[in-house]
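Before any comments, here is the structure.
Within every chain, numbering begins at 1; the chains are lettered A, B, ... in the order of the sequence lines, protein sequences first and strands thereafter.
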Amino acid sequence: MVRSEDPQMAQEPKNVVAEGVYPHKEVEERWQRIWEERKQFATPENPGRDKYYVLEMFPYPSGRLHMGHCRVYSIGDALARFLRMRGKKVLHPMGFDAFGLPAENAAIKHQVHPAEWTERCIAEMKQQFRMMGFSLDWDREAITCRPEYYRWNQWFFLKLYEKGLAYKKAAAINWCETCQTVLANEQVEQGACWRCHNPVTVRNLEQWWFKITQYAEELLADLDKLEDWPESVKIMQRNWIGRSEGALVKFKLLPADTPLRPGMKWQGSEEELRQLPDIEIFTTRPDTLFGVTFMVFAPEHPQVAELVAEVERVDPAHRAPETENIAKRVEEFAAKAVVEDRFLRTAADREKEGLFIGRYAVNQLNGDVVPIYIANFVLMEYGTGAIMAVPAHDQRDFEFATKFGIPIKMVIAPPLATAEQLSEKSLTQAYDEPGVMINSAPFDGLDSETAKKKIVEYLEQKGYGQRSVQYKLRDWLISRQRFWGTPIPMIYCDKCGIVPVPEDQLPVALPANAKFTGIGNPLASVKEFVETTCPKCSSPARRETDTMDTFVDSSWYFLRYCDPHNTRAPFAAEKAHQWMPVDQYIGGIEHAILHLLYSRFFVKALRDLGLVNCDEPFSRLLAQGMVTNTYIDKQTGKIAVDEHGRPKYAKMSKSLGNGVDPLEIIDRYGADTARLFILFAAPAEKELEWSDRGVEGCYRFLNRVWRLILSNIDACKQANKNYQPQTRAERDLNYTVNWAIQRVQTEIEERHHFNTAIAAAMELQNALQVAAGSSDVAAPLLGYGLRTLLLLLFPFSPHITSELWERAGFGGAIDDQPFPAYDPSALVRDEVEIVVQVNGKIRARLTVAAEATEEQVRELAFADEKVVQSLGGKQPRKVIYVPKKLLNIVC
RNA sequence: GCGGGCGUGGCGGAAUGGCAGACGCGCCGGACUUAGGAUCCGGUUCCGAAAGGAGUGGAGGUUCAAGUCCUCUCGCCCGCACCA
């Protein structure tokens, strides 16, 4: 049942469906049928320069459209319909993101094949799409779970494999126990699975990856080209890519039995030092290199075990102190750190844990001997998995050093620092700002920013290190241990190793006879699928049973729409060239990184394969806000309220039970009302608060339009655009008509503000209603205004306007009408109102002829009683005149 | 902690530095009516009888003029979170 925002009226909504209302059901069904019969939304061939690709993110086929869907598709459809009127050749397709876990879970629960379940949901959803009246070209539908589609996922995989962009490696990866599969980094949100929100654990597995990191720099740089993307999305992507400039620096590892200790310097020759093994670290602060007092490895760093094994081989008398049982203790520490939830381990407020491993290193820049630790805060995946630590100038290192009693050495002085501030003992936190170099031998006195560059040059010259750029972005883990996805087209042969499935054997199809028990990957249990022969040597071999992340499917579906029936290629290059890039993409902000980053990567990779000629898939992006509603507080059993007693709003969701079913709204008020309300109630990119009252308001508005047209059919028949207004009332109406045209056009075209466009149409309706009720306006003008009103409303509420267009006898189908052109001369008023201010306060309003000069306006203003009064006899010091608007007298 | 966004009537929301509150909801009054929860007309930021005054989270500033620009500050929302 539909919920009300008003606690007092949470009962059955009022029955506004009474007499005098338009028959929305018949009207909407009729036009949906007509559009289908006419193939009204077929995509034009050879679009040329007028092409416009409107795309909304395709849905997962859950079987039911929810209000969020209605919102995205209402936005996209209003735009598509408007652009067609504006003469664009519009591609507006739809499909289904049809692979994924829910179908597989349903299979386990109901013992129905995921394909059957999914196809059923798709059929239901298409019916609901139809009921909303969206102008989609269904002949271009792409359904990702069909072999005709996913074979091209496999084909792309092979192409990427050939290029080295798809590869297999073992790594510590995110595992979701609930979903029984691994997840990519992008799919873990605050330590939880993006889909089921259960905690993610870490596993070490061998998996398939896409080398998105190869495009890190371009993915970052090209964000600057995306001028019509929301800044917030671009910032999120920049942060995710996480570019850092710095240097890779080599420290030297001392033998396990070295007599050197921290505080001492390297004694031997430079040549002997060079002979020692390297420990390479990445730092963004080469200017602090002289302040290194220890080093830290990630606990799981593969080198660590060997380092401590060497310690144990040394006679205890010659070891570093505190190294009894070091191998065991290191192993235990590492095991604990790895097992510990990665997201707890890496939380900023996590207590720093560490262990000295009994080894020392030499800083080649100054010969300092420093101890080596392992610690929970150092990550294996970033940089080299080892760091230099400068406690004086890095807060993490500072905390660690303080806890373990490691010396702190200042090498950068704050500007104008006192002797007190320069004392390490007085330091209560790291100083991480720029400053002046101290205690840094040849670089002392330089400012630290300059020193950064000089030191890197010095490192490169001496062979101690080199300039380097690191990214937080990791490669995209695409293996999934689930059935309902695209099989990865790889074969394991005992003799030949990993062998790709030959192209001509694609698709590797999902078997129809898999058993869904809920335990393990069903694909692995289908003998006929797994057992195959090696394409190279023909001996018995096994197929890969992992499937691809479903984000692979959605990374190129917008390309398939350009050429959906191609059986020889994913799409023909020239068809993609015709339509790409997508001119306007619309979808939820939740994909700010995920889908939008993957798709950008895919397009760049396909470009480098010669398949597309654009660098970016989506020119403009509109991230629409979520749909919220009031909800029942589970504790009180009443509508949740804030401290002021006002109802609280939250995203419509199953768990809160505050979803409104679009089908109920369509049934009660019709799709036109639903669409109008959704677009009118808030700007597209903002949150939309559901309101039953607001919906009713839109319904009443459409009813007023209905009655207004039908009771003025005669005027409609006489509609004449070229009628010359005679009276004041006619000039005013003519102005409003043309003003509304201009306003609707610019609001949609330039700002995508549908709410204000609709408000303008409402103002026109109000003006027409007044005009229709008086005898001051001639029928040809009134008719023209009514005709215009229908055209302005058509993108938002297409059914009722189609019906009224026909009944009014305006001729042709409204779909084929161009958007009306406004008459600029009608927007020129013969009289204007001038606001007269004295010292910025409004004292009078003057109605003057539009062509009145400043002198004339001044004269009138100074003659005005109120103005004279507020001047109080003072002489004006200055008068500012804004033509046709305002006169400000300063005194 | 860092980054981003947002604070305007009873509510959703409008305002290229130039009339704050368009449009809609709600509310108030009136008309039609057996009736109105339909429809139509009028009113509706606050204080004030009025004249007038105040007003866009708060404090400053720039300007003839600030919701809009600048500085500081408070509150809410979102994203990232030991990335060396």
Side-chain angles (χ1 to χ4, degrees), chain A residues 5-6 9 13-21 189-190 230-236 238-240 242 244 246 281-285 288 296 343 345-350 352 375-379 381-390 394-397 399-400 470-474 589 592-593 642 646-647 649 677 680-683 685-698 700-701 703-704 707 743 753 755-763 765-766 769-770 773 833-842 845 876-882 885-891:
Chain A
E5 71 270 39
D6 180 351
M9 56 160 287
K14 307 169 221 175
N15 182 19
V16 297
V17 185
E19 75 271 30
V21 301
E189 297 166 343
Q190 280 147 34
E231 202 55 38
S232 58
V233 173
K234 289 194 277 188
I235 287 167
M236 278 193 245
R238 270 187 209 112
N239 291 343
W240 187 261
S244 294
I281 58 90
F282 174 73
T283 179
T284 55
R285 294 296 304 276
T288 64
V296 190
F343 302 91
R345 174 179 153 194
T346 59
D349 52 2
R350 176 77 176 94
K352 303 226 168 348
N376 58 351
F377 70 93
V378 175
L379 306 175
E381 315 89 88
Y382 188 74
T384 62
I387 64 159
M388 68 178 208
V390 187
D394 181 286
Q395 187 58 25
R396 297 157 298 182
D397 300 348
E399 286 168 24
F400 193 87
Q470 298 284 323
Y471 301 91
K472 284 202 297 184
L473 182 72
R474 308 287 141 75
I589 191 80
I593 295 174
D642 64 12
R646 282 191 282 256
Y649 284 79
F677 169 73
F680 177 61
E685 66 279 1
K686 284 187 66 172
E687 191 175 284
L688 167 64
E689 290 181 6
W690 188 259
S691 158
D692 294 337
R693 294 247 170 94
V695 174
E696 282 176 21
C698 287
R700 282 202 295 267
F701 169 72
N703 273 304
R704 280 199 291 276
R707 289 190 300 267
R743 178 107 174 142
H753 281 193
N755 56 330
T756 47
I758 292 167
M762 286 174 167
E763 287 194 60
Q765 194 276 336
N766 288 340
Q769 184 136 334
V770 171
E833 190 181 68
I834 305 280
V835 171
V836 182
Q837 298 179 329
V838 175
N839 290 329
K841 289 194 194 281
I842 297 159
R845 294 161 194 278
R877 285 192 289 120
K878 197 172 173 186
V879 177
I880 286 108
Y881 178 62
V882 182
K885 275 189 184 148
L886 168 140
L887 189 81
N888 189 7
I889 302 164
V890 188
C891 64

**Request:** Look at A:R743 and B:A22 and indicate whether a side-chain polar atom (N or O) is within less than 4.0 Å of OP1 or OP2.
**Result:** no
**Message:** How would you summarise protein contacts on nucleotides 16-21 of chain B per nucleotide, using B for base, S for sugar-phosphate only and - for none, with heavy-atom distances below 4.0 Å?
**Reply:** B-BBS-
**Request:** Find the distance A:I589:CD1 to B:C6:P and express it as a whole number of Å.
**Result:** 13 Å
**Request:** Mind calculating the distance between NE2 (A:H753) and P (B:C23) to the nearest angstrom?
**Result:** 19 Å
**Request:** For A:E696 and B:G26, give me the distance from atom CD to atom P, rounded to whole Å.
**Result:** 7 Å
**Prompt:** How is A:N755 classified with respect to the nucleic acid when contacts are heavy atoms under 4.0 Å: base, sugar-phosphate, or nothing?
**Reply:** sugar-phosphate
**Message:** B:A84, OP1 or OP2 - any side-chain N/O from A:S244 closer than 4.0 Å?
**Reply:** yes
**Request:** Ignoring backbone atoms, test whether A:R238 places a side-chain nitrogen or oxygen under 4.0 Å from the OP1 or OP2 oxygen of B:C80.
**Result:** no
**Message:** Closest-nucleotide mapping onto RNA chain B: is A:K472 or A:M762 further toward the 5' terminus? I mean the 5' end.
**Reply:** A:M762
**N or O in side chain of A:R693 less than 4.0 angstrom from B:G24 OP1/OP2** = no
**Prompt:** Would you call A:R396 and A:E399 a salt bridge, using N to O less than 4.0 angstrom?
**Reply:** no
**Item:** Between P of B:A65 and CG of A:N839, the distance in whole Å
**Value:** 8 Å
**Message:** By nearest atom, which of the nucleotides B:G13, B:C23, B:A81 is closest to the A:W240 side chain?
**Reply:** B:A81
**Asked** How far does CG of A:N766 sit from CZ of A:R704, to the nearest 0.5 angstrom?
**Response** 6.5 Å
**Prompt:** Touch check for A:K841, heavy atoms < 4.0 angstrom, all strands: base, sugar-phosphate only, or nothing?
**Reply:** sugar-phosphate
**Prompt:** Quick one: which of B:G26, B:A22, B:C40 gets closest to the side chain of A:E763?
**Reply:** B:A22
**Message:** For B:A81 and A:R396 - does any side-chain N or O of the residue sit under 4.0 Å from the phosphate oxygens OP1/OP2?
**Reply:** no
**Prompt:** Taking CD from A:E381 and P from B:C83, how many angstroms apart are they, rounded to a whole number?
**Reply:** 13 Å
**Under 3.5 Å donor-acceptor pair, A:K352 side-chain atoms to B:C82 base atoms** = yes
**Prompt:** Between which residue ranges does RNA chain B form stems of three or more consecutive Watson-Crick or G-U wobble pairs, both distances under 3.5 Å?
**Reply:** B:1-7 with B:74-80, B:10-12 with B:23-25, B:26-31 with B:39-44, B:45-47 with B:52-54, B:57-61 with B:69-73
**Message:** Return whichever of A:V770 or A:E231 has its heavy-atom-nearest nucleotide of RNA chain B closer to the 5' end.
**Reply:** A:E231
**Message:** Students often get this wrong, so: under 4.0 angstrom with heavy atoms, is A:G242 touching a base, only sugar-phosphate, or nothing?
**Reply:** nothing
**Request:** State yes or no: are the ring centers of A:Y649 and A:W690 separated by less than 6.0 Å?
**Result:** no
**Fill in**
Relative to its sugar, using the 90° cut-off around 0, the base of B:G9 is syn
**Asked** Roughly, in whole Å, what's the span from CD in A:E687 to P in B:G13?
**Response** 8 Å
**Message:** Is it the case that the base of B:C83 and the side chain of A:R474 share a donor-acceptor contact (distance under 3.5 Å, atom types as modelled)?
**Reply:** yes
**Asked** Within this structure, what is the CD-to-P distance between A:E685 and B:G4, rounded to whole angstrom?
**Response** 19 Å
**Asked** Separation of A:R646 atom CZ from B:G7 atom P, in whole Å?
**Response** 15 Å
